[in-house]
K.L.:
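Sharing a structure, written as structure tokens. Questions coming.
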Number of protein chains: 2
Amino acid sequence: MKISTKGRYGLTIMIELAKKHGEGPTSLKTIAQANDLSEHYLEQLIAPLRNAGLVKSIRGAYGGYILTDIPSKITAGDVIRVLEGPITPVEGIEDEEPAKRGLWIRIRDAIKEVLDNTTLEDLANHSNDEEPDGYMFYI
Amino acid sequence: MKISTKGRYGLTIMIELAKKHGEGPTSLKTIAQANDLSEHYLEQLIAPLRNAGLVKSIRGAYGGYILTDIPSKITAGDVIRVLEGPITPVEGIEDEEPAKRGLWIRIRDAIKEVLDNTTLEDLANHSNDEEPDGYMFYI
DNA sequence: AAAAATCCTTAGTAACTTGATAGGCATTAA
DNA sequence: TTAATGCCTATCAAGTTACTAAGGATTTTT
């Protein structure tokens with residue numbers, strides 16, 4: 001029941017590109033160094049994002065990647081779906097018995113609601129928001 | 001971003017036990033056959049459920065398992081936590097940057113809300129509920 | 001033209017997880 | 001005493017994860 005580093009690092013890439021939106025391309029090297037990640041690994045993650053049309057590449061020296069749309073039009077759900085596959089807590093919801101099927105659908109819709117209503121703009125701009133005191137990290 | 005067969009089959013076991021609650025023990029063999037699952041595999045899943053105190057075993061011939069509490073007091077969240085670990089979309093939420101941290105927390109709380117408010121009674125009794133026509137399984 | 005920076009592609013891999021299977025011992029009701 | 005069950009440990013094939021490695025293709029700057 002986890003989002004892997006694919007989705008998480010992919011979101012990191014997209015947030016970085018959102019921060020630099022309108023300022024020309026950002027290289028993976030820059031993003032990798034800023035976030036202490038493997039550049040080679042990020043290359044593998046951005047390929048599907050490019051194939052899905054979420055980013056555009058600019059090759060050659062001083063090249064890099066740019067968003068194909070404004071940050072307020074790209075959601076976390078767009079990114080997660082490309083890198084993690086469809087948002088669903090189980091494969092083959094339709095084959096489950098009605099009781100369990102209903103549970104999976106409610107979970108799926110709850111996740112979908114959050115992911116599809118959070119944009120890259122939200123994530124890029126509000127990086128310094130704080131949680132309420134005493135927020136529980138473990139449940 | 002998936003719940004594996006551990007959590008899913010575990011829930012299947014618990015729903016079966018909820019249906020038979022008050023009628024004496026149910027064997028894993030019965031549950032395995034009714035759901036076309038491997039009895040041996042279910043044995044591995046029920047061990048943690050027993051260790052967690054959610055079910056009690058009755059050994060010997062005509063033995064089996066029973067719930068340790070009434071179905072309305074055991075939630076899907078109880079079962080999923082035992083078999084899948086803590087409910088969280090990423091490991092180490094607290095180490096993430098604030099923007100992403102907020103996103104993971106909202107997802108986690110959305111999932112938690114559903115799982116902790118769905119009891120075995122809900123799942124055992126409302127097995128024949130139907131979804132509205134045209135409900136989308138893929139998103 | 002050359003060099004440097006970058007994207008792009010394919011392949012490999014160690015560690016882990018999943019979803020079992022295999023074999024057998026321990027306990028208890030009939 | 002026997003059959004039915006729970007209980008325990010080990011093994012394993014396939015898939016996934018999170019990389020690393022190697023190098024080619026493209027473009028800009030010098």
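Chain naming here is simple, since letters A, B, ... match the order of the sequence lines and numbering starts at 1 in each.
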K.L.:
Taking only heavy atoms on the protein side, list every residue of residues 42-63 of chain A lying under 4.0 Å from any atom of DNA chain C, sorted numerically.
P.N.:
A:Glu43, A:Gln44, A:Arg50, A:Ser57, A:Ile58, A:Arg59, A:Gly60, A:Ala61, A:Tyr62, A:Gly63

K.L.:
Measure OH/B:Tyr41 against P/C:dT17 and give the value in whole Å, please.
P.N.:
13 Å

K.L.:
Output the rounded distance in Å from CG (B:Leu83) to C1' (C:dT17).
P.N.:
15 Å

K.L.:
Decide whether B:Leu37 and B:Ile31 are clustered together by the hydrophobic rule: side chain heavy atoms of Ile, Leu, Val, Met, Phe, Trp, Tyr closer than 4.5 Å, transitively.
P.N.:
yes

K.L.:
Flag yes if A:Leu17 and A:Ile58 sit in one hydrophobic cluster, no otherwise; membership is Ile, Leu, Val, Met, Phe, Trp, Tyr, and two members link when side-chain heavy atoms are under 4.5 Å apart.
P.N.:
no

K.L.:
Is there a side-chain contact between A:Lys29 and the phosphate of C:dA5, meaning an N or O under 4.0 Å from OP1 or OP2?
P.N.:
no

K.L.:
May I ask you to verify if any side-chain N or O of A:Tyr65 is less than 4.0 angstrom from the OP1 or OP2 atom of C:dC8?
P.N.:
yes

K.L.:
Ignoring hydrogens, what is the shortest heavy-atom contact between B:Arg108 and B:Thr88? Give both atom names and the distance.
P.N.:
CG-CA, 4.1 Å

K.L.:
Would you tell me if any nitrogen or oxygen in the side chain of B:Ser38 comes within less than 4.0 Å of OP1 or OP2 on C:dT21?
P.N.:
yes

K.L.:
Using chain A heavy atoms and a threshold of under 4.0 Å, write down where along DNA chain D the contacts begin and end, 5' to 3'.
P.N.:
D:dT17 to D:dT28

K.L.:
Apply side-chain hydrogen bond (donor to acceptor under 3.5 Å, both in side chains) to A:Ser57 and list each qualifying residue two or more places apart in sequence or on a separate chain.
P.N.:
none

K.L.:
Want to settle it: does A:Lys6 or B:Leu28 sit nearer the 5' end of DNA chain D, counting the closest nucleotide to each?
P.N.:
B:Leu28

K.L.:
Would you indicate whether the side-chain heavy atoms of B:Leu54 and B:Val82 approach each other to under 4.5 Å?
P.N.:
yes

K.L.:
Would you please name every residue forming a salt bridge (charged side-chain N to carboxylate O under 4.0 Å, His left out) with B:Glu96, sequence neighbours left out?
P.N.:
A:Arg8

K.L.:
Does anything in residues 35-45 of chain A form a side-chain hydrogen bond (donor to acceptor under 3.5 Å, both in side chains)? List the pairs, not counting sequence neighbours.
P.N.:
A:Thr5-A:Tyr41, A:Glu16-A:Asn35, A:His40-A:Glu43

K.L.:
Please name all residues satisfying side-chain hydrogen bond (donor to acceptor under 3.5 Å, both in side chains) with A:Lys100, sequence neighbours left out, ordered by chain then number.
P.N.:
B:Thr12

K.L.:
Between B:His40 and B:Thr30, just flag the one whose closest nucleotide in DNA chain D comes earlier from the 5' side.
P.N.:
B:Thr30

K.L.:
Inspect the contact between B:Arg81 and B:Asp116 and indicate whether a charged nitrogen and a carboxylate oxygen are less than 4.0 angstrom apart.
P.N.:
yes

K.L.:
Between atom CD1 in B:Ile3 and atom C1' in C:dT17, what is the gap in whole Å?
P.N.:
16 Å

